[in-house]
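Notes to accompany the following structure.
In this text, all values refer to a predicted model and were calculated from it rather than measured experimentally. Throughout, protein chains are lettered first and strands after them, A, B, ... in sequence-line order, and every chain is numbered starting at 1.
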Amino acid sequence: MSDILSLASENLLSPIILSFVLGLLAALARSDLTFPEAAAKALSIYLLFAIGFKGGVSVAGHGLDATLGATLLAGVALSAVLPFVAFALLRLMSRLDRLNAAAVAGHYGSISIVTFLAGSSLLAQRGVDAEGYMVAVAAVMEAPAILSALWIVSRGGESRFDANLLREILLNGSIVLLVGAFAIGWITGQDGMQKIQPFIGAPFQGVLCLFLLDMGLIAGRGLRRTRASLGMGVIAFGIVMPLLGSLAGLGAASLLGLSLGGTILLMILAACASYIAVPAAMRVAMPEADPSIYLTLSLGVTFPFNLAVGIPIYYALALVARGGF
Amino acid sequence: MSDILSLASENLLSPIILSFVLGLLAALARSDLTFPEAAAKALSIYLLFAIGFKGGVSVAGHGLDATLGATLLAGVALSAVLPFVAFALLRLMSRLDRLNAAAVAGHYGSISIVTFLAGSSLLAQRGVDAEGYMVAVAAVMEAPAILSALWIVSRGGESRFDANLLREILLNGSIVLLVGAFAIGWITGQDGMQKIQPFIGAPFQGVLCLFLLDMGLIAGRGLRRTRASLGMGVIAFGIVMPLLGSLAGLGAASLLGLSLGGTILLMILAACASYIAVPAAMRVAMPEADPSIYLTLSLGVTFPFNLAVGIPIYYALALVARGGF
Amino acid sequence: MSDILSLASENLLSPIILSFVLGLLAALARSDLTFPEAAAKALSIYLLFAIGFKGGVSVAGHGLDATLGATLLAGVALSAVLPFVAFALLRLMSRLDRLNAAAVAGHYGSISIVTFLAGSSLLAQRGVDAEGYMVAVAAVMEAPAILSALWIVSRGGESRFDANLLREILLNGSIVLLVGAFAIGWITGQDGMQKIQPFIGAPFQGVLCLFLLDMGLIAGRGLRRTRASLGMGVIAFGIVMPLLGSLAGLGAASLLGLSLGGTILLMILAACASYIAVPAAMRVAMPEADPSIYLTLSLGVTFPFNLAVGIPIYYALALVARGGF
Amino acid sequence: MKTHHAKRVTIIIEAPMRRRLEEAFGKAGVTGYTIVPVLGGSGRSGRWSSEGQVGLSGGMVQFVSVIRPDRLDALLDAAFDLVENHIGVVTVSDCGVLRAERF
Amino acid sequence: MKTHHAKRVTIIIEAPMRRRLEEAFGKAGVTGYTIVPVLGGSGRSGRWSSEGQVGLSGGMVQFVSVIRPDRLDALLDAAFDLVENHIGVVTVSDCGVLRAERF
Amino acid sequence: MKTHHAKRVTIIIEAPMRRRLEEAFGKAGVTGYTIVPVLGGSGRSGRWSSEGQVGLSGGMVQFVSVIRPDRLDALLDAAFDLVENHIGVVTVSDCGVLRAERF
Ligand SMILES: Nc1ncnc2c1ncn2[C@@H]1O[C@H](COP(=O)(O)O)[C@@H](O)[C@H]1O
Ligand SMILES: Nc1ncnc2c1ncn2[C@@H]1O[C@H](COP(=O)(O)O)[C@@H](O)[C@H]1O
Ligand SMILES: Nc1ncnc2c1ncn2[C@@H]1O[C@H](COP(=O)(O)O)[C@@H](O)[C@H]1O
Ligand code: NA
Ligand code: NA
Ligand code: NA
């Protein structure tokens, strides 16, 4: 128990979480602190490149785990299935119409790379190793959820699929960068790592702080502007769904026999909600859905929930499930 | 004496000062070298975050000095009082009208964080320690001067205060970031520092070089365009005022019993002039004042003066005052 | 032989080349991955500053080589003469008109700093030293080629020179930054280096990766859009010309008695083609020339050629010429 | 394709006044506008450029608002109060719009 | 200096739709347009700002196209198909242009 | 609110020509203009985009100048000399302005 508390406080009092809180407070207090759009995008390019590269290097180092293929498949399956769960839950818990419910549901099958990073940080800090390929699993989980959401909506009317859209979803900048950097890390291995470690390794946590500061600013601005339009049911969904998702991730990880670290990361991936790739796709494919609902829910409710309490909970659950507590 | 000379040359030949000079020369020669606005803003976010964080960590480490509260108060007082001195001096030395004189005066009570950083660099290089909370003092000195300037102008006519403006001034992005990062550094202490040191610590001087290069470019561009419009009296003010300010800082520091490093930093804070927060406030509150006067004076005259000769002078003065020479 | 192969594969499988390939593939596959313009410019400022500074520090450390002056002159001569060679070759190999041929020719006398950096990386990796002032040689080679190209065109009609243009070409941002940082490095020497090494030294390779990723994206986008408009003759020129240039560089280096590293770098400088400074000058001075020809050729053909196979070839040639193989 | 008559108002204003103008628009019931960035310019107070600037003070932004002709006066009144003492170039021109019901 | 009559069309549209609109223009034979960035704005769906945004979803862009009056309908048709279900403010106004042969 | 008649001129021009156009305006006595950034576009020479560009050569900027009708010709002459051989889209339209004394 005291272990769980120390875990929670260690997480809450880390510079990255506090940076997020600073951004959130600044935006709620209507400070004019903002990041230039170009700087925010540059930070995200850095983070995706670094995390992808490190994953690839780790796979090059430890060799290909027999479970890699199975875990990738599990990731695709989780991403594809969770939107259906989310959709059903939303129709139950909230008064969102089909379209908005489907749009929101798509976000919860997909992933948030920063939540993944926050989880990885906590693991690193506690000295818990994880499979290096989990970042590849993150990459494959981005897209399937979008297709599920489109399918849900298409059932009720005209098809939402077109070839252009499919290409855009699969060749989305963040997927390409993550997978590409993963490949480069894999190919160049420890040699490559040595060359660029001082750029992508050591300063990583600090860059993550600035990025989370920016996320806090955006989440705060979103909350300030659209708080009113989210009903209680929708907000509750934003907290229940990640818990459900993490359980699904835990189940999958147990079946796959992942390590403790890998289990926690898969739980996090299943629990988190996209706020970059999926919203952009939704604007194109479901323009009638209200972005202020899905963006605020994902970035203003689920993201902070996961950061602050979700990740420690998933950590503790994984320990319990493995009889480690 | 030779010590003072070595101090001066050490300062003048440091990469950060030379970077400023490079920018200045490039702009005066009308090179097309420029920084993108987003990059300049990103650099300033980095610097504010880093300096705030480090200050907080230092306070966490050394414990709260009994003089912290008193020093904060002294900072507020200096910031509030110096504009009156500056205003009187300007009316004496120049032919600026009330409004422009008040606008300029406001800049000299407030602070320039980069001048503060240049001073801190020199101290670090010479192995002189300073109170970690001086960065918090810098933060509280940003705003009061603005209020004094508004008060000076309001005496002569309609009030310039409104609630919105007050909130904007106090929740100004750079204050929020500096104070917020200070708090995060304080809370996370040496643990937090260890995680992000490779980002905010080691590369700091290099980032500062690029930032000063940009400052040089802007100062040079300003000088090239508006040199003509500043009279000799105004320019002389831009050099006399920081000297006066530094003496006020020296007096306050002696009363407070600050360390040598703290004394020098307080002198610098009192001597430097704002060119970010105050100009923005003046554009809102005193739109009739001419920005080319206060911006060029602050960034084109006082800032380079402080960087090049002011800081070594204040350093030497502090040594003399403490009988250290 | 096996040495040449290992050299080639070492080069091809380095993170920087693979990052370029990733960008190229992403753009060809029409992924929406892009860098913000401001971020790309910030990266290039960083690289120019770092490489200039390091060159200056190296000169400060090793003292001024007797051959510095001669090498600078040789650089100017190569830059001024190669456009004539290129022009003649283009008229022979392609059906470009005078104007477009002259515009293209100007690019090949000038230099690409990133190609230079990629070469320097390979040298560093193999432990081969080079004269520190080669970066100054790079700087002086930027502009003369532009004047030669203008001269070629002016022969056939009205003059293309005007005082404004000359000043712009010589005070071009990248020249000023490179030369300025070189001077700062020279003045501050090892002392200065120590202060900013963690910024400009250790992370350099990593930043270069991101920059090359961006170059790959731009090259790929250029190729995708204008592939059709380049004839086979022009494309062949884009591969033959660098080889010719490298031989000219090799000859000059032998006369000058440069070290192995210096020889390779001079060959690279002679072989590479500008895609930043020269295109901008051409837009002003030869607006009728078609940018899609010179940009695509320089960035889409010669740049990747040099990166992937040119540099190892020049390396091997230099070894052979010195009897080192 | 059928277009409907509307007014297109552009306001070039200092960046530090941006939030105030947004609020003034809100109060005047003008809810449709778009803000575009400005790189630099020239006016009676000389030339300026946003390059390398860190603070807001150097910059400007441009508001573009398309409105029904009968709402023009409300918008101009709101804008005028703010720009009266400030830099601020306000232009009004006629235009046609698709989907008039949105304005 | 002599100017020729033309139409100036501006389209404010969500950034994720940018490529599609470019392609629709291409198909409709509209090859001349310029895209300017947008910082923020306000509409029926509330206020927004691009600051700090990482993805495309938050942003918008503005297309400006100057065309010969007789080509206006082709352009508007192409644009309308796209903006029909999307955010998208389309304005048309008269203007004069130099060098009419270019349009 | 009373507006006064004026002309609104926009010039889309290559970024490397920006300084020259500013100087040409200066010489022609045109001291009021604003420059907005451009993200990309399309013309006879194909599509382009500023994303990821390092140099100036890829980019364009847009000048907007509001002037009194009687000063229009001076401005157009100044602009025409520069854009004659260059890319450059020049449009002129009528507009109303507040505070005519400023122009
Ligand atoms: N006639 C004009 N046309 C377009 N923009 C203008 C004009 N006059 C002023 N501006 C813009 O408003 C800013 C301030 O103008 P001023 O107050 O006259 O110095 C200038 O820097 C321009 O960006
Ligand atoms: N009347 C208008 N004038 C200018 N821009 C508008 C207008 N209405 C909407 N917009 C722009 O279009 C975006 C979306 O509008 P809406 O769909 O009404 O929320 C807004 O955020 C503005 O950027
Ligand atoms: N009709 C037009 N309307 C708006 N912008 C244009 C037009 N034609 C050209 N442009 C802009 O000018 C640039 C160069 O045009 P061009 O010289 O025709 O290739 C294009 O990339 C556009 O940004
Ligand atoms: Na998920
Ligand atoms: Na001060
Ligand atoms: Na060359």
Check your understanding: Under a 4.5 Å heavy-atom cutoff, which of N164(C), I218(C), I45(C), L43(C) has the most pairs with chain F?
Key ->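 So the answer, after comparing N164(C), I218(C), I45(C), L43(C), is I218(C).
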Practice item. Return the option, out of T34(C), D290(C), V278(C), with the maximum number of heavy-atom pairs under 4.5 Å with chain F. Key: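 Of the options given, most contacts go to T34(C).
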On a heavy-atom basis, which atom in [X] and which in [Y] lie closest, and how many Å separate them?
X: E37(C); Y: S50(F); answer: OE1-OG, 3.2 Å
X: A40(C); Y: G52(F); answer: CB-O, 3.2 Å
X: A280(C); Y: P16(F); answer: O-CB, 3.8 Å
X: Q53(F); Y: K41(C); answer: O-CG, 3.9 Å

Contacting region of [X] [heavy-atom separation from chain F under 4.5 Å]:
X: P291(C); answer: neither
X: M282(C); answer: neither
X: L213(C); answer: neither
X: D162(C); answer: side chain

Review point. Considering residues, nucleotides and ligands other than R95(C), do more than 12 of their heavy atoms fall under 6.0 Å from its CZ?
Key: no
Practice item. Examine distances only and state if a side-chain atom of H86(F) and a backbone atom of E288(C) form a donor-acceptor pair shorter than 3.5 Å. Key: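 It does not hold such a pair.
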Check your understanding: Checking R283(C) side chain against A15(F) main chain: does a donor-acceptor pair fall under 3.5 Å?
Key ->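 Such a contact is absent between R283(C) side chain and A15(F) backbone.
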Point to revise | Neighbours of chain C found in residues 19-29 of chain F - heavy atoms under 4.5 Å | key: R19(F), R20(F), E23(F)
Check your understanding: Does a side-chain heavy-atom distance below 4.5 Å link V54(F) with F211(C)?
Key ->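 The answer is yes, as the side chains (C-beta and beyond) meet within the 4.5 Å cut-off.
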Check your understanding: Under a 4.5 Å cut-off applied to non-hydrogen side-chain atoms, are E51(F) and L217(C) in contact?
Key -> no
Check your understanding: Listed by chain and number, what are the salt bridge (Lys or Arg N to Asp or Glu O under 4.0 Å) partners of E142(C), not counting sequence neighbours?
Key -> none
Check your understanding: Nearest 0.5 Å, what's the OG-CZ distance between S42(F) and R225(C)?
Key -> 9.0 Å
